[in-house]
> 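Sharing a structure here in structure tokens format.
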Amino acid sequence: MRTEVRLTGGEAKAEETRRATGRWERSGAGALASDDGPLEISDDGVTAGPVAVEFLDADTLTDADRVLTLGLFPEGSLRLSKAGGG
């Protein structure tokens with residue numbers, strides 16, 4: 001875990017980045033893509049392998065049986081599973 005502190009308008013803001021390894025699957029926007037590899041979650045979004053998603057583009061978030069699924073705008077989803085410490 002990495003924590004950064006940034007000053008914004010005179011206020012201190014802590015930003016955390018969490019890292020793990022796991023399985024990711026991207027559907028929608030073109031062909032299905034999936035792999036096992038590094039996952040990174042920050043205050044701004046999620047990076048899974050070559051796929052980066054800002055939270056502003058996530059319409060829904062569901063958790064079922066330890067699988068996180070982000071419903072993405074305008075279509076598709078990003079599923080994260082088997083996340084372990086990294």
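Here the structure is a predicted model, which means the values were calculated and not measured. Just so you know, these numbers use all the heavy atoms, side chains as well, and skip hydrogens, waters and symmetry mates. This chain uses plain numbering: 1 for the first residue, then up along the sequence.
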> So how far is it from E40 CD to T21 OG1, rounded to the nearest 0.5 Å?
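One gets 13.0 Å once the value is rounded to the nearest 0.5 Å.
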
> Please find the pair of heavy atoms, one from W24 and one from P50, that lie closest to each other, and give the distance.
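Nearest heavy atoms, W24 then P50: CZ2-CD, 3.4 Å.
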
> With a 4.5 Å cut-off on side-chain heavy atoms, are F55 and I41 touching?
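Side chain of I41 against side chain of F55, heavy atoms only: contact under 4.5 Å found.
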
> Write out all pairs satisfying salt bridge (Lys or Arg N to Asp or Glu O under 4.0 Å) with one or both partners inside residues 21-33, taking only residues at least two apart or from two chains.
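Every salt bridge (Lys or Arg N to Asp or Glu O under 4.0 Å) pair that includes a residue of residues 21-33, provided the two are not neighbours, is R23-D36.
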
> Hey, can you pull the donor-acceptor pairs under 3.5 Å for the side chains in residues 60-79, sequence neighbours left out?
| from | atom 1 | to | atom 2 | distance (Å) |
| --- | --- | --- | --- | --- |
| T60 | OG1 | G71 | N | 3.3 |
| S77 | OG | S27 | OG | 2.9 |

